[in-house]
There are 6 protein chains.
Amino acid sequence: MTIGLYTGTFDPMTKGHLDIIQRASQLFETLYVGIFQNDHKQPLLTSQERKALLETLLATFDNVEVIVHEADLTVNVAKKLGVTALVRSVRNAQDLAYESEMVYFNRQMTGIETVLLLATPDLQYINSTRIKELAQFGVDVSRWVPDLVKAALEKKFEQK
Amino acid sequence: MTIGLYTGTFDPMTKGHLDIIQRASQLFETLYVGIFQNDHKQPLLTSQERKALLETLLATFDNVEVIVHEADLTVNVAKKLGVTALVRSVRNAQDLAYESEMVYFNRQMTGIETVLLLATPDLQYINSTRIKELAQFGVDVSRWVPDLVKAALEKKFEQK
Amino acid sequence: MTIGLYTGTFDPMTKGHLDIIQRASQLFETLYVGIFQNDHKQPLLTSQERKALLETLLATFDNVEVIVHEADLTVNVAKKLGVTALVRSVRNAQDLAYESEMVYFNRQMTGIETVLLLATPDLQYINSTRIKELAQFGVDVSRWVPDLVKAALEKKFEQK
Amino acid sequence: MTIGLYTGTFDPMTKGHLDIIQRASQLFETLYVGIFQNDHKQPLLTSQERKALLETLLATFDNVEVIVHEADLTVNVAKKLGVTALVRSVRNAQDLAYESEMVYFNRQMTGIETVLLLATPDLQYINSTRIKELAQFGVDVSRWVPDLVKAALEKKFEQK
Amino acid sequence: MTIGLYTGTFDPMTKGHLDIIQRASQLFETLYVGIFQNDHKQPLLTSQERKALLETLLATFDNVEVIVHEADLTVNVAKKLGVTALVRSVRNAQDLAYESEMVYFNRQMTGIETVLLLATPDLQYINSTRIKELAQFGVDVSRWVPDLVKAALEKKFEQK
Amino acid sequence: MTIGLYTGTFDPMTKGHLDIIQRASQLFETLYVGIFQNDHKQPLLTSQERKALLETLLATFDNVEVIVHEADLTVNVAKKLGVTALVRSVRNAQDLAYESEMVYFNRQMTGIETVLLLATPDLQYINSTRIKELAQFGVDVSRWVPDLVKAALEKKFEQK
């Protein structure tokens, strides 16, 4: 049985993330989507809010399971879950340089494999940081995130 | 059941190819290794010689099957075999740019996925063209190709 | 008055070319589209066939004029036409490296400027060489080229 | 009538900026040079000091107008000004990756075009951050910035 | 007589650094290894601890001398030492873009040359920042740093 | 004693080559400049013509010696000459990718080092192929090649 792990901050989840998850779910019998808790950065959405969003949005994927993982090396999380391969999305040469380093250390430490998926061309520039910035300026972000995420962002920025 | 397809000219097979096949064989239930017949380039080894070498070298991999495919689009071969994803190795930004184009067309034509594996750092510069060039100059290529391949190359260059 | 020049082989014209021409036509008062006659490569479509296709496809653009230019340096053609800037499309780092060299020589020789437009993400991988290859394999290329071009390609390959 | 907009922090303006402005001014009937007020970074020169410097240095360009724009999305500023295209300078693959993302979002939000100009080779490494660092170490920066800017920097660092 | 200067933070020294020093020591009659004191970043190891480690690890290199240099431009340090060329390691396109800028300014200011050495493939992803992060998570870093460095890191993290 | 080897086709020598040779000559006690005889490409200038041009143009460099080497691996030539390091010029990411492969094989075969020098910004786009193409179109190439080379090219193209 093959098991995949796709991790990210998902703050917030975008249509780019959704595309990778949908594609990766076809490559593995089980795909874990791991929400990474980064203590250094203050996220906009709490990990519980992000978990709730992902679980709702991924409800129709039978073999996808959402997990939240504490600050730990991804490979340690992967080992505990019996993961066959990590899944990463690459868009360009900069991503490749970054992933190359991660793949090297992950393989050296645990032998764990990483599978790279190329971002779909018309989704490749979508990223959570830009989405938050644009939402904050009042831009309608529905082209780049699921409606549920758009609503969650609007609610957040209203509260602020 | 997931099925992978890794194609190449394998003229000749290198330790880089072997590494990718070994790693890809763990990601899929069945992995096809497809020897591509390129009519435009005159190969050094015939497709039958290459098939024999690959079958011998991959004999211990239970879920790997070697095929020779005629001049046809890779996606057509993949469709006939019911392939889940193509497997490609990337080493650097140039490779990524090339694969990006292939992935785009393959997904547009058939929806077929491509999984990219990063070349192992100390194998990343090995390529068949350089190996043939060095073998022709009498360089011992055993660091970069399996012994069986080295013997096949030496025999070829003796005949010439 | 500003004048642009966008040159290419257009063998055949793609939706990528059409996109650049539409966008460039808004930047200049007059935009010349120059079909380059490359003596070294045997084109699939004759320069007169290409000219006819472009003129039909660009008929609605009031400020665009199609020209065929003999084997000459692009800057020489540009000088004769009183061009303000050349227009080039870039997709990635490889394109940028190539264009950087051309821009350098063109500016050194004549001071002529070059304006780079980024290819639209979901059109960026379309290129004439691949289109011809796919059409030859019988693939329906209507996603990537205008219908008129598709018909012209089919007719060509039938004749062969 | 075509209108261009070239924005930057210009803290301080360099000979690289001047070169792009001079070249862009020939492509558009009107070129706005927009000084961006970034609230997050504390600039060395105030926006009024920068505006005064740019206006003096660009006085001979008849079709160039200097503006200071509040913290707002560049495309919002552009829309209010009726801009035809944004102007950006690119030096290398890293710049291209960054601009590609900006161009994508700007076109998706407003359809506004971006024109990329390649930095002139012997000016391509000049950037405001390095200039400030070198000036602080007492290096003569007159090779890389106009004399007026050099004097403004020296005055600033004396005050500190 | 030719003199080289290889500077870095060496916080901590890795097997990658050691490889470059060993290789650079064969290119110059004297090679200075300069420990850079960066006031902005709080290093893990003090400059004296780093100097002691480097001196021990480089004791067998007859023509290598370790120095600590205050916050000053590298070229100023180089001029005082009568250096023929700076030595820098490059791993990928990102490094090259960064070094290109440094080389430009260093040559413009002082005419000093820079020699680039390509990182050895299986050492290329090792970097001090990652090593510290992994050591902090309790990962055995002996594959990537000399034993003496590993011990120093363990001692540091115990103290914290 | 350190010995460098800088090889190329030099068909023809450009100001870019001259710059690298001048800079490399300061790094080594002896610098060999090796004219490579490539049997596959028909050069414009014979190896004897190129040798004569280089010897004249490099006459003032006391520690530079011009050699012509037969079709052999560069490392074999280097070994016979007792070379410390090969010298290569890099301009961009494409060059780096190519040199990385060469450096890997050269070090694996013989342990020989390669020193990379960054092309001087305003000389970086000059290359022999473009120069020949432009000279053939009657462009004055004196900005990019020494006068002696310009004269040699003009004489060649007159003969044709």
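Just so it is clear, the model here is predicted, and its values are computed rather than measured. Chain A is the first sequence line, chain B the second, and so forth, proteins listed ahead of strands; every chain is numbered from 1.
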Quick check: do E/Leu96 and D/Asn92 have side-chain heavy atoms less than 4.5 Å from each other?
no

In Å and rounded to the nearest 0.5 Å, what is the CD to CD1 distance from E/Glu101 to D/Ile126?
10.0 Å

Nearest heavy atoms of D/Phe137 and E/Asp72, plus distance in Å
CE2-CA, 3.7 Å

Residue part contacting chain E, namely of D/Asp140, when any heavy atom lies under 4.5 Å:
neither

Among residues 142-149 of chain D, residues within the sub-4.5 Å heavy-atom range of chain E, in order of number, are D/Arg143, D/Trp144

If I measure from the heavy atoms of chain E, does D/Gln124 come under 4.5 Å with its side chain, its backbone, both, or neither?
neither

Minimum heavy-atom distance E/Ala93-D/Gln94, with the two atoms named
O-NE2, 3.8 Å

Is it the case that more than 12 heavy atoms not belonging to D/Phe157 sit under 6.0 Å from its CZ atom?
yes

From E/Tyr104 OH over to D/Leu123 CG, what is the distance, rounded to the nearest 0.5 angstrom?
6.5 Å

